[in-house]
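Let me begin by presenting the structure, written as structure tokens, before commenting on it.
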Amino acid sequence: MAERAARRCCLGWDFSTQQVKVVAVDAELSVFYEDSVQFDRDLVEFGTQGGVHVHKDGLTVTSPVLMWVQALDIILEKMKASGFDFSQVLALSGAGQQHGSVYWKTGASQVLTSLSPDLLLHEQLQACFSISNCPVWMDSSTAAQCRQLEAAVGGAQALSRLTGSRAYERFTGNQIAKIYQQNPEAYSHTERISLVSSFAASLFLGSYSPVDYSDGSGMNLLQIQDKVWSQACLGACAPRLEEKLGRPVPSCSVVGPISSYFVQRYGFPPECKVVAFTGDNPASLAGMRLEEGDIAVSLGTSDTLFLWLQEPTPALEGHIFCNPVDPQHYMALLCFKNGSLMREKIRDESASGSWSEFSKALQSTEMGNGGNLGFYFDVMEITPEIIGRHRFSAENREVLAFPREVEIRALIEGQFMAKKIHAEALGYRVMPKTKILATGGASHNRDILQVLADVFGAPVYIIDTANSACVGSTYRAFHGLAAGTDMPFAEIVKLAPDPRLVATPTPGASQVYEALLQRYAMLEQRILSQTQGPPE
Ligand SMILES: O=C(CO)[C@@H](O)[C@H](O)CF
């Protein structure tokens, strides 16, 4: 077989909800290797669905930690069998599903530091975890712990100012509190608590990897301004917690050389650097090469906004995390549950199930929709907490129906005005250099993206984000190699493929939407006060 040319590279890992994925990226930032292990398909003995176990209470959701370990074994053995040249790996980093937590049993660190290269990881780590089934981000069983935490620090807004978010059931501090309260023996036999990201990094490091600032911002425990654990939050969750978490580190930190286990078993170079792993969303921000003032809009089942912020304004909606590629800045995440399922429903009802009819309706109606505004939340919306469909005429009078073209434009304009209003509430501002990066299913519809460009008053680009968390992790690994040189992340990734421009704002758009956005915000508050009473 022809000798493979040596190809210096970095590896990027993603320990996500449904799979472990890896990509290899060379010095020209080209992806030349990728593979994945799907938990449900390749590790059927664990019996997961979508990578998780939903418990009988319908609220508790966990994943088996040994399934994650075994998935890594499989993927590494597949790479080895395929002849992947590990000796060319300069550095690696990775991502993990956010908020999940791993509980290392007392004594596990000795096992981690003395792994035998003759055995697989999962054969040696069987007895290293005090909790076998780890809580993950889909869990919503900690409402009581959320209330206790908010009460301990002075309320939801106070907690948001401190940690970047009000208390959320999936956030790690509340999950740790539940384990301490309901399984105190397991908690007492736990010497280290990792996030999924720092757990994965620990496997490569052969010792406990610290939590990084960015993923640590998803715990309701880290003070996002000072980048230290909040003593008030730690104390409210569980005793002796700080010693179990270790000190958090900047996300761009090199946390150490790779463990000798990987050198001896797979042929990694001993000087291969491990760069702190982070959360999947922060890693995706890196993969999309978001820069200050940019906004990424993932138009999927639920719509997710990634924002780059210099000065955050923590609120009762959305999440502020420390920025994964610039330690002085921040990122924000906003989730809108009524995304593509809502667009598909209106397509079926008002465009005979056809996207081309849907697009024609957008083409045949004017910006501003003649003053008609709509709110379309067939499931309880997260941002804000409203349910139902609410339509208003230009005179702000609630009406029961719109003509079908007006309905279609009202849906799309309303979805994007909500995004702009709530992004600005977190401190986001459109800047002259702002780029909107659109991803996800609806980003294939140019007419929908034209409305996005008009509402935000900024150009819209599309970018392939299939492997954004993995690719972002390789970029962060390359950035880690330049540690100490103060080279900015943007400089490291300038060779990466550029996003493609697909829509620019229609002349006059900002005048139309400046007025409409104010009305939208006012009407949103009207609906909220009718359904929830006056805001806090
Ligand atoms: O909970 C989330 C973010 O806050 C999800 O996006 C998880 O990170 C998915 F793994």
Side-chain angles (χ1 to χ4, degrees), residues 13-21 36 38-39 48-54 59 61-63 65 67-68 71 94-102 134-142 146 159-160 163-175 194-200 211-222 224 251 277-288 296-307 312 314-324 330-337 339 382-383 422 426 439-440 465 467-470 472-473:
W13 297 88
D14 184 14
F15 284 68
S16 70
T17 312
Q18 302 189 29
Q19 61 185 347
V20 172
K21 189 183 265 192
S36 65
Q38 309 278 331
F39 303 132
T48 56
Q49 283 191 319
V52 302
H53 292 126
V54 180
L59 298 173
V61 183
T62 60
S63 290
V65 59
M67 176 179 76
W68 296 335
Q97 53 175 300
Q98 289 190 260
H99 318 303
S101 44
V102 174
C134 302
V136 294
W137 67 280
M138 294 165 66
D139 184 286
S140 53
S141 65
T142 61
C146 288
L159 183 63
S160 180
T163 68
S165 300
R166 64 174 171 81
Y168 283 88
E169 285 79 359
R170 67 187 191 276
F171 275 43
T172 322
N174 307 300
Q175 294 291 340
S194 298
L195 292 176
V196 175
S197 57
S198 54
F199 146 78
V211 168
D212 77 296
Y213 292 161
S214 196
D215 206 15
S217 311
M219 302 172 77
N220 276 152
L221 294 175
L222 187 74
I224 57 167
S251 304
F277 283 34
T278 191
D280 56 350
N281 293 298
S284 288
L285 178 136
M288 292 187 280
V297 184
S298 172
L299 297 170
T301 306
S302 58
D303 291 346
T304 306
L305 250 59
F306 296 76
L307 311 168
L316 294 179
E317 275 134 19
H319 313 290
I320 306 283
F321 302 135
C322 298
N323 191 294
Y330 297 84
M331 70 171 280
L333 203 63
L334 268 171
C335 194
F336 299 82
K337 207 163 190 179
I382 295 172
T383 312
H422 289 283
L426 288 177
T439 73
T465 55
N467 293 326
S468 60
C470 281
S473 298

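We use all heavy atoms of the structure for the numbers below, so side chains are in, but hydrogens, waters and symmetry mates are not. Remember, it's 1-based here, ligands and their atoms both numbered in the order they're listed.
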(request) Can you sort out which atoms of ligand 1 are near T17, meaning under 4.0 Å from one of its heavy atoms? (result) 10 (F)

(request) Heavy-atom contacts with L333 under 4.0 Å: which atoms of ligand 1 show up? List them by number with element. (result) 3 (C), 4 (O)

Starting from [atom], find the nearest protein heavy-atom neighbour and note its residue, name and distance.
atom: atom 10 (F) of ligand 1; answer: D280 OD2, 2.9 Å
atom: atom 2 (C) of ligand 1; answer: H99 NE2, 3.7 Å
atom: atom 6 (O) of ligand 1; answer: N281 ND2, 2.9 Å

(request) Using side chain to side chain donor-acceptor pair (under 3.5 Å) as the criterion, point out the one residue from N281, T278, T172 that pairs with Q98. (result) N281

(message) To check you understand the geometry: which heavy-atom pair defines the closest contact between V211 and S198, and what is its length?
(response)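 Where V211 meets S198 most closely, the heavy atoms are CG2-OG, 3.8 Å.
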
(message) Please check: side-chain N/O of N220 versus main-chain N/O of S165, any donor-acceptor pairing under 3.5 Å?
(response)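 Between the backbone of S165 and the side chain of N220 there is a qualifying donor-acceptor contact (under 3.5 Å).
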
(message) So does C134 get a backbone contact from the side chain of S63, meaning a donor-acceptor N/O pair under 3.5 Å?
(response)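 A pair under 3.5 Å: no.
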
(request) Measure from atom 1 (O) of ligand 1 to every heavy atom in Q18, R170, Q97 and give the option owning the shortest one. (result)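 Looking at heavy atoms only, R170 sits closest to atom 1 (O) of ligand 1.
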
(request) Compare all side-chain heavy atoms of Y168 with those of N174 and state whether any distance is below 4.5 angstrom. (result) no

